[in-house]
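Here's the structure we're looking at; comments come further down.
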Amino acid sequence: MKRNILVAVAWPYASADIHVGNITGSYLPADIYARFHRLQGNEVLMVSGSDSHGTPITVRADEESSTPEEVYQKYHQRFLDLFQKIGLCYDLFTSTHTQNHFRVSQTMFSALKEKGYLYTETQKQWYSSSQERFLPDRYVEGTCYICGYESARGDQCDQCGKLLEANGLINPRSKMDGSTPELRDTEHFYLDLGALQPQIVEFLKEREDYWRPNVVRQSLGQILAEDLHGRAITRDLKWGVPVPVGGWEEKRLYVWFEAVIGYLSAAIEWAELTGDPERWKEWWYNPDSRAYYFIGKDNIPFHAVIWPAELAGVGNTFGALFDEDDQHSLVLPYDVPANEFLNLEGKKISGSRNWVVDGLDFLTRYDPDPLRYYLTANMPETRDADWEWEEFVTRNNNELVATWGNLVNRVLSFAHNQWEGKIPDPGELRPEDQNILEVLQEGFEKVGDLYDRVKLRVALTETMRLAGEVNKYLDEKAPWFEIKEDKDAAGKSIFTAIRAIDSLKILLAPVLPFTCEQLHRTLGYDKPLFGEQYTDSVEDNLGTHEVLRYRQGDVCCEWQPSVLAAGSPFHKPQPLFQKLDPEVAEEEYNRLG
RNA sequence: GGCGAGGUAGCUCAGUGGUAGAGCAGGGGACUCAUAAGCCCUUGGUCGUGGGUUCAAUUCCCUCCCUCGCCA
C-alpha cells in the first residue's frame, strides 16, 4: 500500500553558511529518508526553505550596509548551490519571504486567534531612540545585577553564567551603537500554550513508545514538571510577516512562530507550482499520511511542542479560513527524529573561530558521496558524534574504496574481460549462489525496516556487512580459478556476484545517490534510479525567489532484489571512489582554527 | 535548581534477564580477479560506582560519580 510521507526538513537560517554539522543534523538524514521512501514507491513530499526573517538578519544587513532582503538572498543562493551539489532532493526548497508564506502564516495566526488561543500582554522593553526601534535582549549590554560583571548581555551574564532579566541590567547600552536605551511599553500577542497543554501532553504520550527518548522524554518531563506558559509571538520589527490585525502595522510575527509554518506553506506552494494546487492536502489533510520532521536537537522544543501546539490549536479552523474546508484538521507530526550535534576534532563547531568544515568548501576538494557516507556512518542519532579528518580518510579508504568500490570493480572488470561486456548466462544456480542471493533478499527487509524507523546509521552498517558477505562469497568461489577449469562455473559465480552488486546498489542508493547512479548506468540501465533536481524562479508581489525543485520523471528500480538478466550488456567499470592520501587528514586538520 | 541523554575492548559504536559483539587499530597466514583491494586465523573488556529485585543483571529499580544538552 502506498503511503504519503511528508519529509519536513529544518529551515536553515539565512545568515550563515552551512557546515557538516548542519548537514548531518537534519538535511542529510531527511534526504536519505526521502530517497528510501521514493525507492519504496511511496508518495514523498520533501519541503523546506530559507528562514529569511528575524533580528539577526536585520542586524547583519545594518553591519554590511545592505538590506535584510539582500542578506537573505545571498545565503539562500548558496544553500541552493550546496543542496544541489550534495544531492538533497527537495520537492521544494523555498523561502519564508514569499507571498504564499505570508498568507499561510497569517491564516494560522488568525485561526489560532479565532479559537481563542492568542492573547495580548504589555511588557517593558529596551528602546533605542537613536535607532528608533526596540532592541532584542541580546543586543543590550550592561552591568550584571548579580555579579557586577560589566559586559553582561541582556539575556545572560557570561561571567556568572546566570540568565538575566534584561530589564534589570545596570547602565544598559546598545551593542549596536553604544547609545543608552530606555524602557518602553510594548504590546504583543502571546500563544496560550498553557491552554493547549493537555493536547500536547496527549500528543507526546501517544508517540512516546517510538520516538527517540532524548526528544520525547525531555519534552514531556519538562512540561509535566513545570507546565507550559504563554510565549510572545510578535516582535517590534519591520522585517518579517506582518501581524494581520488592524493597528499592528509596526509589528511582525516572531520567527519561531512563523518559520515552522513553512512546512505547511511550502507544501501549498509546491502544489501550486506543479499545477495541481489541491495536492498538498494529500499530506496535510490525510490522517493516514505520516509527517517526519528532521531537525537538530536545538530545535526540539519548537517541533515537539510548539509546532504541534499550533497545529492542534487551529484544528479545522485553518482550512475553514484558508480554503473553506472545515472538514479536515492538519496532520500532526508522526515523528521528530532529531539528531544530536556533531563536534569537530573533539571541540564544538564554531564558524567564527574557523573551527568548522564548511559544506561548499569541502566539495571543492572532495566528492559528495564520501561526505554523505562518513556523515551517515557517524551520524549523531543517539548522542553527539565527532568529525575527525583521520576517520574520514580511513573510512573512505577502507570502507568505500576497499570493501564496496573494489567489490564492484573486481567483479565488473573480470566479467567485462571474460564475457565481452555481457552478463554471463548462469544456467541453473548452485546452492551457494542461491544462498548469497537469499542473504541479500533478506537484507532488503532488514535494511528497509531500519531505514523506515530512521535508524540510518545501523542501516548503513548492515548494508556494508552485506557487501562483506559478497566479498566472502567471491573468495570462496574464486571465479578466477574456476574459469581455468570450467567457464560455466565461473559464469554462475559472476552472474551471482553481479546480481548481488546490483542489489547492494539499491540498498546503498539513499546514502550514496551519485555513485549508485554511476554504477546503475555502468550496469546498462537506461532509466535513472532517481529524478533530477533543478532550480526555478518564482515571482510574487514580494519580488522573485529562486527555488529548488525535484522532477521524479521516468525512473526505474524499486526496493527489490536485482532481476538483471543474463546476456544484457554492461559497460567497463570506472572507479566509484577515489582513494585518499593519509596526509590529507593532517592537511585538513591544519586548516582549522 | 528542574528536565533529559550518555558512560560497554586502544578508538568509534551495537546489543541482550542467563556469565559480552561489530568495524577500525595491533599480531599471524594463504591467495591474486580487483584502486596492494579482498579472504582466513588471532590478541584485547571484572559492560562508570555502590546497593536492591531475581535461581540468574551488563541488561530492571535506587544512590552516587563523570560527560553532554535543554528549561527557568
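The shown structure was predicted, so the numbers you read here are calculated from the model rather than taken from an experiment. Residue numbers start from 1 in every chain, and the chains themselves are labelled A, B, ... in the order their sequence lines are given, proteins ahead of strands. Computed from heavy atoms alone, side chains included, the values below leave out hydrogens, waters and symmetry copies.
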Pairwise [atom1] distance for [N] and [M], with rounding to whole Å:
N	M	atom1	value
B:U43	B:G23	P	14 Å
B:A14	B:G51	P	29 Å
B:U53	B:U16	P	25 Å
B:A9	B:G26	C1'	12 Å
B:A22	B:G6	P	23 Å
B:C71	B:G21	C1'	38 Å
B:G44	B:U54	C1'	32 Å
B:U12	B:A25	P	15 Å

- Kindly point out which of B:U35, B:C68, B:G2 is positioned nearest to the side chain of A:Lys348?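 Of the options given, the side chain of A:Lys348 lies nearest B:C68.
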
- Give A:Leu576 one of three labels, base, sugar-phosphate or nothing, depending on what nucleic acid heavy atoms sit under 4.0 Å from its own.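 Here A:Leu576 touches the bases of the nucleic acid.
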
- Please work out if A:Pro575 contacts a base, only the sugar-phosphate, or nothing of the nucleic acid, heavy-atom cut-off 4.0 Å.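 Base: the residue A:Pro575, judged by heavy atoms under 4.0 Å, touches a nucleobase.
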
Whole Å only: how far is the [atom1] atom of [X] from the [atom2] atom of [N]?
X	N	atom1	atom2	result
A:His416	B:A34	NE2	C1'	15 Å
A:Arg465	B:G23	CZ	C1'	12 Å
A:Ile306	B:C70	CD1	P	15 Å
A:Asn299	B:C71	CG	C1'	15 Å
A:Leu407	B:A34	CG	C1'	10 Å
A:Glu345	B:C11	CD	P	16 Å
A:Met464	B:G38	CE	C1'	12 Å
A:Asp227	B:C71	CG	P	17 Å

- Query: Dot-bracket for RNA chain B, 5' to 3', with Watson-Crick and G-U pairs under 3.5 Å, [ ] for crossing pairs and | for other-strand pairs: what is it?
  - Reply: (((((((..((((.......)))).((((.........)))).....(.(((.......))).)))))))).

- Message: Return whichever of A:Gly405 or A:Phe341 has its heavy-atom-nearest nucleotide of RNA chain B closer to the 5' end.
- Response: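 Residue closer to the 5' terminus by nearest nucleotide: A:Gly405.
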
- Query: Taking for each residue the nucleotide of RNA chain B with the nearest heavy atom, is it A:Asn409 or A:Lys579 whose nucleotide lies nearer the 5' end?
  - Reply: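 It is A:Asn409, whose closest nucleotide lies nearer the 5' terminus.
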
N/O-N/O pairs, protein side and nucleotides 24-31 of chain B side, under 3.5 Å:
residue, atom, partner, partner atom, Å
B:C24, O3', A:Asn398, ND2, 3.3

- Message: For a 4.5 angstrom cut-off between non-hydrogen side-chain atoms, does A:Leu529 reach A:Ile506?
- Response: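 The answer is yes; the side chains approach within 4.5 Å.
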
- Message: B:C40, OP1 or OP2 - any side-chain N/O from A:Lys472 closer than 4.0 Å?
- Response: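 A:Lys472 to B:C40 OP1/OP2: side-chain N or O found under 4.0 Å.
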
- Message: Is it the case that the ring center of A:Trp211 lies less than 6.0 angstrom away from the ring center of A:Tyr293?
- Response: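 Between A:Tyr293 and A:Trp211, the centre distance exceeds or equals 6.0 Å.
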
Residues that [X] engages under side-chain contact (heavy atoms from CB on, under 4.5 Å), provided they are two or more places apart:
X	value
A:His19	A:Asn22, A:Ile349, A:Val356
A:Glu588	A:Arg365, A:Tyr366, A:Trp389, A:Val584, A:Arg591
A:Asn378	A:Leu342, A:Tyr374, A:Ala385, A:Glu391, A:Arg457
A:Glu187	A:Thr120, A:Thr122, A:Trp248

- Item | Syn/anti label of B:G44 as read from its glycosidic torsion, with the cut at 90° from 0 |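 Syn conformation for B:G44.
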
- Does A:Asp384 pair with A:Lys297 as a salt bridge, N-O distance under 4.0 Å?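 Answer for the salt bridge query: yes.
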
- Query: Would you call A:Glu462-A:Arg465 a salt bridge at under 4.0 Å N-O?
  - Reply: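 So A:Glu462 pairs with A:Arg465 through a salt bridge.
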
- Task: Measure distances between side-chain N and O atoms of A:Asn406 and base N and O atoms of B:A34, and say whether any donor-acceptor pair falls under 3.5 Å.
- Result: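 Such a pair exists between side chain and base.
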
- Query: Do A:Gln218 side-chain and B:G69 base share a donor-acceptor contact under 3.5 Å?
  - Reply: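 Side chain to base: pair present.
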
- Distance-only side-chain donor-acceptor flag, A:Tyr33 / A:Tyr292, under 3.5 Å: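 Checked: A:Tyr33/A:Tyr292 side chains pair up, N/O donor to acceptor below 3.5 Å.
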
- Item | Selection residues 406-452 of chain A - residue pairs positive for ring-ring contact (aromatic ring centres under 6.0 Å, His included), sequence neighbours left out |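 Output for this query lists A:Phe36-A:Tyr451, A:His416-A:Phe570, A:Phe444-A:Trp559, A:Tyr451-A:Trp559.
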
- Query: Among pairs that include at least one residue of residues 480-509 of chain A, which meet ring-ring contact (aromatic ring centres under 6.0 Å, His included), considering only residues two or more places apart or in two chains?
  - Reply: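 Checked against ring-ring contact (aromatic ring centres under 6.0 Å, His included) - neighbours excluded - no pair reaches residues 480-509 of chain A.
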
Expected rows: protein N/O vs nucleotides 12-16 of chain B N/O, under 3.5 Å:
residue, atom, partner, partner atom, Å
B:A14, OP1, A:Thr382, OG1, 2.9
B:A14, OP2, A:Arg383, NH2, 2.7

- Item | Partner set under ring-ring contact (aromatic ring centres under 6.0 Å, His included) for A:Tyr473, not counting sequence neighbours |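 Once residues adjacent in sequence are excluded, A:Tyr473 has no partner under the ring-ring contact (aromatic ring centres under 6.0 Å, His included) criterion.
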
- With A:Tyr525, which residues qualify under ring-ring contact (aromatic ring centres under 6.0 Å, His included), at least two apart?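 Counting only residues at least two positions away or on another chain, A:Tyr525 forms a ring-ring contact (aromatic ring centres under 6.0 Å, His included) with A:His520.
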
- Query: What pairs with A:Arg231 under side-chain hydrogen bond (donor to acceptor under 3.5 Å, both in side chains), at least two apart in sequence or on another chain?
  - Reply: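 Scan of A:Arg231 (side-chain hydrogen bond (donor to acceptor under 3.5 Å, both in side chains), adjacent residues dropped) gives none.
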
